[in-house]
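To start, the structure under review is shown below, and the notes come after it.
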Amino acid sequence: MSDSLISKYVMPNYGRYDFWPERGQGARVWDKDGREYLDFAGGVAVCPLGHCHPEVVQAISQQAATLIHVSNWYNIRQQGELAQMLVEEVLGIPGKCFFSNSGAEANEGLIKLARKFGVTRPKADGSPRFEIITCTGSFHGRTFATMTATAQEKIHGGFGPLLPGFKYVPFNDAAELKAAVNENTVAILLEPVQGESGVNPVTPEFLRIAAQLRDQHDLLLLLDEVQCGLGRTGELAGWRSIVPGDEILPDAISWAKSIGSGYPLGSFWARDRSVGDAAGTRLCNLLSAGTHGTTYGGSPLACATGMATLKVILRDNLAAHAKAMGAFIAKEALAWKLPVLSEVRAFGFMIGFELNVPLIEANEDFKASGKVPSIWVAKLLMDACLLVVPAGPKVIRWLAPMNTIEAEAKEGLGIMQTVLSKLS
Ligand SMILES: *Cc1c(COP(=O)(O)O)cnc(C)c1O
């Protein structure tokens, strides 16, 4: 690694593992020396069907040979088809979609939608409302607006001044959320299950209060489902794994990660509801011609890839499969009763294994490593041929393919048990 082209020519903004994947198939990858790994990282929740799923490969090959890209000045048939799947089959709530290239860009869309809403529905004195409330521990991306929306100091460090118009409340503190709403507030943005900070779900109470505040104060309820959406948590809509059914009606939702099987694709959806102005404008039409755009976003190739991915998730009921497997994995892991494992939080194939940090901190090898506990344990698992993702300092995350079968899950559990037993 030290003398590689990566270290010589690529910026050092990632603390990369000395690991060189070369090819992948399903839940497995092989490194440059031919060593086989079970990949329960899946990018970071990016590969819902595992690596190189034949139907995705076929869709990409066929579309690449037919039409890769045309501009958004023309009608891209595949955008309409993919949007229909998202609206009708994933959500079942009328609305419209925009296609971007990434999660951060999808969230930028939510933020711009909220700003436009605040102009359309201004304060009593006619000046726009602009403030968006987000939660501690959140992660919304690395662009300027989404970095600012991300209520984590370690993400902001060195980049101030940040974008104005964001206010942070402690995650799941309903009283603080109520207290944070003022005449400038225009939206509440949250992840139904926070991924990067450690697989932490929103409480049903907090989500309900957020929806109530939306109704009482004419706000937008924005959900970042970039990581937890599209079946990952065991429901096609991530928030429905917290509050089932149609009790909570979000105003807009962002997606990325799983949506493109690794091909760059993101999207956000806005609900077909009135914004409450005199003209009767619909929220899903608020970003009118000329107000938002992208050069690459929603190309025929990106959307064909997204459709192939979603088709398999829907046809094979992978959300329900993920739900059952998540419950099975949590039950097995808890049955080990290992002191090094303090908690397991499973939402389908979004699973957080929380480590007992004091126990790890007492380990001599750990002390010598100079690493944070989650990254150190992830490396031990990698050495044992299981790929996982650290989440915050104390959580190991499984973001396995949603079509992972029980035999593969058991194999991963076996490796976890062996490695964690040595630490207990
Ligand atoms: C990964 C992630 C993002 C950012 O997505 P990018 O594609 O990296 O821009 C935003 N929100 C959540 C919840 C994420 O997990």
Side-chain angles (χ1 to χ4, degrees), residues 11 13-14 41-48 98-114 132-152 154-156 159 163 166 168 171-172 187-202 207 221-233 235 237-239 241-242 250 252-269 294 296-298 302 305-306 309 345 347-352 374 388-392 395 397-400 402:
M11 289 191 188
N13 58 310
Y14 283 102
V44 176
V46 169
C47 307
F98 171 91
F99 293 102
S100 66
N101 308 287
S102 68
E105 280 178 83
N107 286 333
E108 288 277 343
L110 296 185
I111 293 164
K112 283 183 72 173
L113 183 76
I132 300 175
I133 299 176
T134 67
C135 299
T136 55
S138 58
F139 183 79
H140 299 298
R142 298 285 195 164
T143 61
F144 237 96
T146 61
M147 171 180 74
T148 307
T150 296
Q152 292 192 56
K154 72 164 197 217
I155 304 280
H156 300 160
F159 296 109
L163 194 73
F166 290 90
Y168 311 133
F171 190 42
N172 285 332
I188 300 168
L189 168 64
L190 61 90
E191 299 155 78
V193 182
Q194 290 187 343
E196 294 313 300
S197 60
V199 188
N200 297 310
V202 68
L207 189 56
L221 177 60
L222 311 174
L223 300 183
D224 178 346
E225 299 216 347
V226 167
Q227 185 162 154
C228 71
L230 306 173
R232 167 93 14 217
T233 63
E235 296 285 340
W239 89 87
S241 57
I242 306 296
I253 300 170
S254 58
W255 297 288
K257 297 206 161 94
S258 295
I259 195 172
S261 283
Y263 191 90
L265 176 63
S267 179
F268 73 98
W269 163 94
T294 166
Y296 283 134
T305 311
T309 305
R345 293 185 287 275
F347 299 86
F349 267 122
M350 193 167 171
I351 306 173
S374 58
V388 300
V389 196
V395 173
R397 214 173 356 161
W398 279 18
L399 299 161
M402 294 180 207

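Whatever order the structure lists ligands and atoms in, that order sets their numbers, starting from 1.
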List the steps and the verdict of side chain to side chain donor-acceptor pair (under 3.5 Å) for T294 and S100.
-> CA-CA 7 Å; T294 166; S100 66; over 6 Å; no
Where ligand 1 meets [X] - atom numbers and elements under 4.0 angstrom, heavy-atom basis:
X: S102; value: 7 (O), 9 (O)
X: N107; value: 10 (C), 11 (N)
X: Q227; value: 15 (O)
X: D224; value: 10 (C), 11 (N), 12 (C), 13 (C)

Can S374 and V395 be said to form a side-chain contact (heavy atoms from CB on, under 4.5 Å), step by step?
-> CA-CA 6 Å; S374 58; V395 173; 5.8 Å; no
Might you work through the side-chain contact (heavy atoms from CB on, under 4.5 Å) test for V44 and R397, ending with a clear yes or no?
-> CA-CA 9 Å; V44 176; R397 214 173 356 161; 4.1 Å; yes
Please indicate whether any nitrogen or oxygen in E191 is less than 3.5 Å from any nitrogen or oxygen in ligand 1.
-> no
Is G141 close to ligand 1, meaning an N/O of one under 3.5 Å from an N/O of the other?
-> no
Considering only protein heavy atoms, which is closest to [atom], and at what distance to one decimal place?
atom: atom 12 (C) of ligand 1; value: F139 O, 3.3 Å
atom: atom 14 (C) of ligand 1; value: K257 NZ, 2.9 Å
atom: atom 5 (O) of ligand 1; value: G103 CA, 3.3 Å

From the list R232, E191, E196, Q194, side chain to side chain donor-acceptor pair (under 3.5 Å) with Q227 holds only for E196
May I ask you to test the I111-F166 pair for a side-chain heavy-atom distance under 4.5 Å?
-> yes
Counting heavy atoms only, which part of A104 comes closer than 4.0 Å to ligand 1: side chain, backbone, both or neither?
-> both
Looking only at heavy atoms, what is the nearest atom pair of T143 and A104, with distance?
-> CG2-CB, 3.8 Å
Please say whether more than 12 non-hydrogen atoms of neighbouring residues, nucleotides or ligands are located less than 6.0 Å from CZ in F144.
-> yes
Is atom OH of Y168 surrounded by more than 12 heavy atoms (other residues, nucleotides or ligands) closer than 6.0 Å?
-> yes
Looking at atom 8 (O) of ligand 1, is any protein heavy atom nearer than 4.0 Å to it?
-> no
